[in-house]
Amino acid sequence: MTRQSRARWLAFATTLLVVLLVALFAWLRNLPPALQAGAVHAPQASGPGDEPGRAAFARAGCSGCHSAEGRGNPGLPLDGVGARLDRESLRDAAFALGGAAERFPPAVAQRKRAHANDAEAEALLAYLQRLK
Amino acid sequence: MPFPAPQTHRTAFAALLWLAVYLLAVTVPLFALLPGSAPGLGFAWDFSMALGYAGLAMLGVQFALTARFRRATAPFGIDIVYYFHRYLAVFALAVIAGHYAMLRVMHPEVLGAASPASAPGHMTAGRVALVLFALVVGIALLRRRAQFEYDRWRFAHAVLATAAFGLALWHLHGSGRYLDTEWKQWLWGVYGAFWVALILYVRVVRPAHATTHPWTVVEVRPERGQVTTLALEPRSGEPLRFAPGQFAWLTLRASPFAMREHPFSIASSAERGQRIEVSIKALGDFTSRIPDIKAGETAWIDAPYGTFSIDDAPGAAGYAFVAGGIGIAPILSMLRTLADRGDRRPLVLFYGNRVWDRVAFREELDALRSRLNLHVVHVLLEPPPDWTGERGFVTEDVLMRHLPIERHRFHCFLCGPTPMTRSVEHALGVLGIPAAHVHSEIFDWV
């Protein structure tokens, strides 16, 4: 085996070990019962009336950090948020307004605020409120 | 696990130790995120996220691999480390592409809009970083075929890789859900900053140190076969301590900050470190300008590097050398050193060239025979009509005709074009020389 092919195998074996360790990390994180998207709160089946709100949710990029109805980033599920918060609290949380603003890192708060005056803002809030 | 034939158990141990250091450097920052973390979100989700973290860490270590840390490169040989850097870049890119591909397939909505106008900055940073990394790897692999000029490529390579790494760090800090506490953000902030600091060390601090150790070109000597020998002396008068066969990074007509250094074997005797010589064949952009260098010019040297040396196998019963063309340079250093040391062990040199007139150093090799127990076998591809010596390539038959019976106790040093090295390595194995006794220097690893 040439020195070059030794280096190739060495790099391949090392990468394989890294990937195995990554798998071990993922497995260890999920040793306690995993919080699958919607596992805490079963996603509510939604009706056709939710379409404008759902589209607003996608367009505003909410799925990058949140999931709703089992879709999107499972790290911060929003299913059930409509039962926990009233319309005004939802508005504050969704657009980082009022006292809620301090709960978010500045970059996140800025991204949220940018959508506060969207034409679709009310449709989005109505959609979130129906996530019960 | 296959790794370069170690000469001793100690070298093997050192090689394994450095591999362990590599794995720790890549995975410890990831595993440090486990304590106190929120529950997992399913194996596939966490696997895809962690691939991103590990991929970024692998790319961080890429900067260290080519930073020429002698202790880390010694057990493998720097050529192996550079190849390792090259292949690992491809695999690290695959790891990062895996991170992206898993999300694209499983949760396309998480990726959101691709347009930079509507996507959050950190997501655009992640996308651009991925494209830049692919570009850096692609260009590096195609460099030779596309004939990119080495110096320009090297500069662009460093700048693009650093920019991509910075963007990837931004992406991680913007979207990394595992960095959910202040100390975890700090940990990955410092970890990323460490690699950036390393780039600064290699590109700024080390060249700054080099500027305090200038060398002078004291002689420019043309040799046969379009080879030019440069003799260099340190202005400080402090001799360079090196092992015969090692190489130096040489900068000429440029500042040490300019990233215009090129690796060349030292051809002179290790017993004469106060004046070193490099013998360079005109093969590329930089090397073809060597004959224009004038005595008195300033040179910068970063040396010594490499493990291709008789001093790595001091107990051998004898040595066999196989050189192809300018591959003679490190071997000449070993022969000159053995002569200066008064070594009388049996030596055989197989020296392959195309034509007799262009056999560099043939007169000196003749002269060295009186100071050494040296048998020189010239092998010519296009011999003159009256040639009675070996012809063609350095084959198994040629080796067998000239190597002594006790050849299995010899150590063999091969330096030349890759096809020659490959076929001679194979032939020596067939002739019963243990693989651990065969040392080869890759010619074209940069």
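To find a chain, count down the sequence lines: A is the first, B the second, and so on, and within it residues start at 1. Owing to the predicted nature of the structure, the values given are computational and were not obtained by experimental measurement.
- Residue pairs meeting the ring pair (Phe, Tyr, Trp, His ring centres under 6.0 Å) criterion with at least one member in residues 65-112 of chain A: none, sequence neighbours excluded.
- Of the two parts of B:Phe84, the backbone and the side chain both hold a non-hydrogen atom closer than 4.5 Å to a non-hydrogen atom of chain A.
- Residues A:Gly72 and B:His107 come closest through the heavy atom pair O-ND1, 3.6 Å.
- With a threshold of 4.5 angstrom between heavy atoms, A:Ala23 approaches chain B through its backbone and through its side chain.
- For the pair B:Leu41 and A:Asn30, the tightest heavy-atom approach, listed with the atom from each and the gap, is N-OD1, 3.4 Å.
- Scanning both residues, A:Arg29 and B:Pro39, for their nearest heavy atoms gives NH2-O, 3.5 Å.
- Residue with the most contacts toward chain A among B:Thr421, B:Leu51, B:Leu23, B:Val26: B:Leu23 (heavy-atom pairs, distance under 4.5 Å).
- Using a 4.5 Å heavy-atom threshold, the side chains of B:Tyr53 and A:Val22 count as separate.
- Taking the six-membered ring for Trp, B:Phe31 and A:Phe25 have ring centres closer than 6.0 Å.
- Heavy atoms closer than 4.5 Å to chain B are found nowhere in A:Leu16, neither backbone nor side chain.
- At least one side-chain heavy atom of A:Cys65 sits less than 4.5 Å from a side-chain heavy atom of B:Arg177.
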Subject >> Evaluation steps, side-chain contact (heavy atoms from CB on, under 4.5 Å), between B:Thr27 and A:Leu17 >> reply: CA-CA 10 Å; B:Thr27 54; A:Leu17 279 172; over 6 Å; no
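- For residues 90-103 of chain B, the interface with chain A (any heavy-atom pair closer than 4.5 Å) comprises B:Phe91, B:Val95, sorted by residue number.
- Looking at residues two or more places apart in sequence or on another chain, you find a ring pair (Phe, Tyr, Trp, His ring centres under 6.0 Å) between B:Tyr191 and B:Trp188, B:Trp195.
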**OP:** Quick one: do A:Arg111 and B:His122 satisfy side-chain contact (heavy atoms from CB on, under 4.5 Å)? Show the steps, please.
**Re:** CA-CA 11 Å; A:Arg111 280 207 299 277; B:His122 66 268; 3.4 Å; yes
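- By the salt bridge (Lys or Arg N to Asp or Glu O under 4.0 Å) test, A:Asp118 pairs with no residue at all, sequence neighbours left out.
- Residues B:Met58 and A:Thr14 have side chains not in contact (no heavy-atom distance under 4.5 Å, counting atoms from C-beta outward).
- Taken to the nearest 0.5 Å, the CZ atom of B:Phe43 stands 10.0 Å off from the CG atom of A:Leu28.
- Within 6.0 Å of CG on A:Asn117 lie no more than 12 heavy atoms contributed by other residues, nucleotides or ligands.
- Ranked by heavy-atom pairs under 4.5 Å with chain A, the first of B:Ser175, B:Ala50, B:Gly112 is B:Ala50.
- For chain A, the option among B:Ala113, B:Pro120, B:Ala57 with the highest count of heavy-atom pairs below 4.5 Å is B:Pro120.
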